[in-house]
Amino acid sequence: MASIRRTLSPYQDRSHQNGGNVSPFSVNSPSHKLNSTSRFALGVRRFIGGLAPFGEFEDVRTPDFSFEVNRPPILDVKEDIVVDKVELAVVKRENVKERFDYVARKQVIVVTPTYNRALQAYYLNRLGQVLRLVPPPVLWIVVEMNVASTETADILRGMGIMYRHLVCTKNLTNIKDRGVHQRNTALEHIEHHKLDGIVYFADDDNIYSLELFETLRDISRFGTWPVAMLAQSKNKAVLEGPVCNGSHVIGWHTNEKSKKLRRFHVDMSGFAFNSTILWDPKRWQKPISPSIRQLDTIKEGFQETTFIEQLVEDESQMEGTPFGCSKILNWHLHLEAREVGYPRGWLLQKNLDAVLPIE
């Protein structure tokens with residue numbers, strides 16, 4: 001079969017491509033200066049090419065469609081490049097750079113036992129609002145007895161902080177041991193999952209300052225501080241906790257004769273410790289021993305000291321905080337609402353919310 005090729009492509013004159021002075025479409029271009037004889041010869045070639053069934057006529061001037069490719073330069077890649085440090089900066093409109101460094105914070109693990117009573121929702125919301133202001137990471141472990149109530153779950157979800165909602169299924173023979181077993185449930189959870197951080201027991205009915213949670217991150221192993229307490233007579237405040245020289249614990253505040261036999265005079269909300277003591281005792285040169293737990297066989301008021309004795313040997317392994325133990329960071333007011341009931345005519349919906357009866 002014959003092939004027909006175009007012979008007068010306007011791009012055949014390469015000398016006029018890519019910005020030449022004479023356009024290929026101009027009448028002054030070489031392609032339009034053919035004489036009449038050349039034009040006649042070209043016409044005959046076209047006619048013969050159309051008649052020859054098996055012939056092939058090459059064009060006098062075969063178009064050149066070749067082109068050059070500009071290859072990118074070969075980069076000299078050097079191996080084993082070490083970056084000393086990476087600095088982050090914010091560029092202001094005045095083209096002034098401000099350097100800021102990322103600071104890794106210790107996780108604060110707050111353990112809160114709670115139970116069904118009239119002011120439970122108020123206490124949980126008050127504590128949760130304080131924890132919201134603490135710079136992350138903060139993990140709030142809330143422990144209930146027997147069942148995880150939907151009302152408590154709703155409060156935790158609405159706080160906007162990281163939390164874990166646990167249930168203690170221990171059968172109690174004495175209701176006074178409830179908090180002991182709830183805290184042990186949280187300790188088992190921390191040990192099992194090897195949670196890393198500073199553990200603090202924060203009952204929901206106490207009052208806490210934001211500064212307290214910020215100072216917890218300064219603790220290395222075990223930290224303690226004085227707690228202001230409302231006396232049983234409710235007519236005076238007393239201190240319970242360490243006496244410090246700088247960060248060294250040199251003595252204890254105590255006001256109750258019945259508790260003078262305690263080794264460490266600390267309130268349950270007056271100390272915090274590194275969670276690795278629970279699941280990595282070798283880090284602290286501690287012998288492998290049974291799990292560290294609070295004891296329900298101990299007389300009331302002695303749970304704190306017997307628990308602390310499992311964490312440290314003496315005051316030399318303690319850190320007084322803040323410096324000099326000179327500030328009161330939290331209050332234990334003993335204002336538990338055991339006898340506070342709901343208003344008359346109100347019904348208790350499950351265990352937290354109070355609503356008007358439907359008539």
Side-chain angles (χ1 to χ4, degrees), residues 109 111 113 174 176-184 186-188 190-191 198-203 206 212 215-216 218-232 237-332 334:
I109 305 174
V111 175
N174 190 343
K176 292 182 179 181
D177 299 331
R178 175 178 52 211
V180 172
H181 294 292
Q182 287 176 294
R183 296 187 193 96
N184 284 341
L187 293 175
E188 292 172 4
I190 295 170
E191 181 179 353
I198 302 300
V199 181
Y200 177 53
F201 298 127
D203 291 348
N206 291 344
L212 168 63
T215 59
L216 294 181
D218 298 330
I219 296 173
S220 175
R221 175 173 181 165
F222 180 94
T224 183
W225 55 91
V227 177
M229 308 177 66
L230 190 64
Q232 297 295 337
V238 296
L239 285 180
E240 187 171 75
V243 177
C244 302
N245 180 12
S247 60
H248 299 286
V249 178
I250 59 175
W252 302 95
H253 295 285
T254 181
N255 293 278
E256 298 183 30
K257 295 181 180 180
S258 61
K259 295 182 180 180
K260 287 186 177 181
L261 298 177
R262 295 187 300 174
R263 174 66 181 85
F264 302 116
H265 300 270
V266 186
D267 183 73
M268 190 66 73
S269 62
F271 68 91
F273 60 94
N274 196 307
S275 66
T276 56
I277 299 177
L278 300 176
W279 48 268
D280 190 13
K282 292 183 179 179
R283 175 178 176 181
W284 306 99
Q285 290 77 46
K286 286 177 61 65
I288 299 177
S289 59
S291 298
I292 298 174
R293 299 291 185 266
Q294 294 187 8
L295 306 177
D296 60 351
T297 58
I298 302 300
K299 182 181 177 182
E300 184 180 3
F302 286 79
Q303 285 92 353
E304 295 90 343
T305 183
T306 54
F307 179 73
I308 294 173
E309 290 171 10
Q310 301 175 66
L311 301 174
V312 296
E313 296 177 358
D314 52 35
E315 286 83 353
S316 65
Q317 297 178 343
M318 297 183 176
E319 308 157 42
T321 185
F323 188 81
C325 299
S326 57
K327 291 184 179 180
I328 302 301
L329 302 179
N330 63 301
W331 283 77
H332 191 173
H334 297 288

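Positions are given from 1 along the sequence.
One distance of note links CG of N274 with CD1 of I198; it measures 4.5 Å at 0.5 Å rounding. A distance of 11.0 Å separates CG of D177 from CD of Q182, quoted to the nearest 0.5 Å. The line from NE2 of H248 to SG of C325 is 11.0 Å long, rounded to the nearest 0.5 Å. Atom CD1 of residue I298 and atom OG1 of residue T306 lie 5.0 Å apart, to the nearest 0.5 angstrom. With rounding to the nearest 0.5 angstrom, the OH atom of Y200 is 11.0 Å from the CE atom of M268.
Ring geometry for F222 versus F271: interplanar angle under 30°, hence parallel rather than tilted (30 to 60°).
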(message) R262 vs E304, test: side-chain contact (heavy atoms from CB on, under 4.5 Å). Steps then yes/no.
(response) CA-CA 9 Å; R262 295 187 300 174; E304 295 90 343; 4.3 Å; yes

(message) Using the rule given for side-chain contact (heavy atoms from CB on, under 4.5 Å), can you reason through S269 versus W331, listing the C-alpha separation, both sets of side-chain angles and the distance that settles it, and then say yes or no?
(response) CA-CA 9 Å; S269 62; W331 283 77; over 6 Å; no

(message) Run the side-chain contact (heavy atoms from CB on, under 4.5 Å) test on F307 and I292 for me, step by step, so that the C-alpha distance in whole Å, both residues' side-chain angles and the decisive distance to 0.1 Å come before the verdict.
(response) CA-CA 8 Å; F307 179 73; I292 298 174; 3.6 Å; yes

(request) Apply the test side-chain contact (heavy atoms from CB on, under 4.5 Å) to residues T215 and F323: give CA-CA distance (whole Å), side-chain angles for both, the deciding distance (0.1 Å), then the verdict. (result) CA-CA 10 Å; T215 59; F323 188 81; over 6 Å; no

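In this structure, E315 pairs ionically with R263, as a charged nitrogen and a carboxylate oxygen lie closer than 4.0 Å.
Inter-residue side-chain proximity for M229 and H253 is flagged as unmet; no heavy-atom pair is nearer than 4.5 Å. By the 4.5 Å heavy-atom criterion applied to side chains, F264 and T224 are not counted as neighbours. Between P113 and D203 the shortest side-chain heavy-atom distance falls below 4.5 Å. The shortest side-chain heavy-atom distance between V243 and V249 does not fall under the 4.5 Å cut-off. At a threshold of 4.5 Å between non-hydrogen side-chain atoms, the residues I219 and R221 do not count as touching. At least one side-chain heavy atom of L278 sits less than 4.5 Å from a side-chain heavy atom of F273. At a threshold of 4.5 Å between non-hydrogen side-chain atoms, the residues V312 and I277 do not count as touching.
Checking side-chain atoms of K286 against main-chain N and O of Q310 turns up a donor-acceptor pair under 3.5 Å. The closest donor-acceptor contact from the side chain of D267 to the backbone of H332 lies at 3.5 Å or more, if one exists at all. With hydrogens and angles disregarded, no donor-acceptor distance shorter than 3.5 Å links the side chain of Q294 to the backbone of N184.
Nearest heavy atoms, E313 versus Q317: N-OE1, 2.9 Å. Pairing each heavy atom of P281 with each of P287, the nearest pair is CB-O, 4.4 Å. Between S291 and E191 the shortest heavy-atom distance is OG-OE2, 3.4 Å. Minimum interatomic distance between P226 and I328 (heavy atoms only, all atoms of both residues): O-CD1, 4.3 Å. Nearest approach of G270 to V227, heavy atoms of both residues: CA-CG2, 3.5 Å.
If you run side-chain contact (heavy atoms from CB on, under 4.5 Å) between M318 and each of V266, L311, I308, only I308 comes through.
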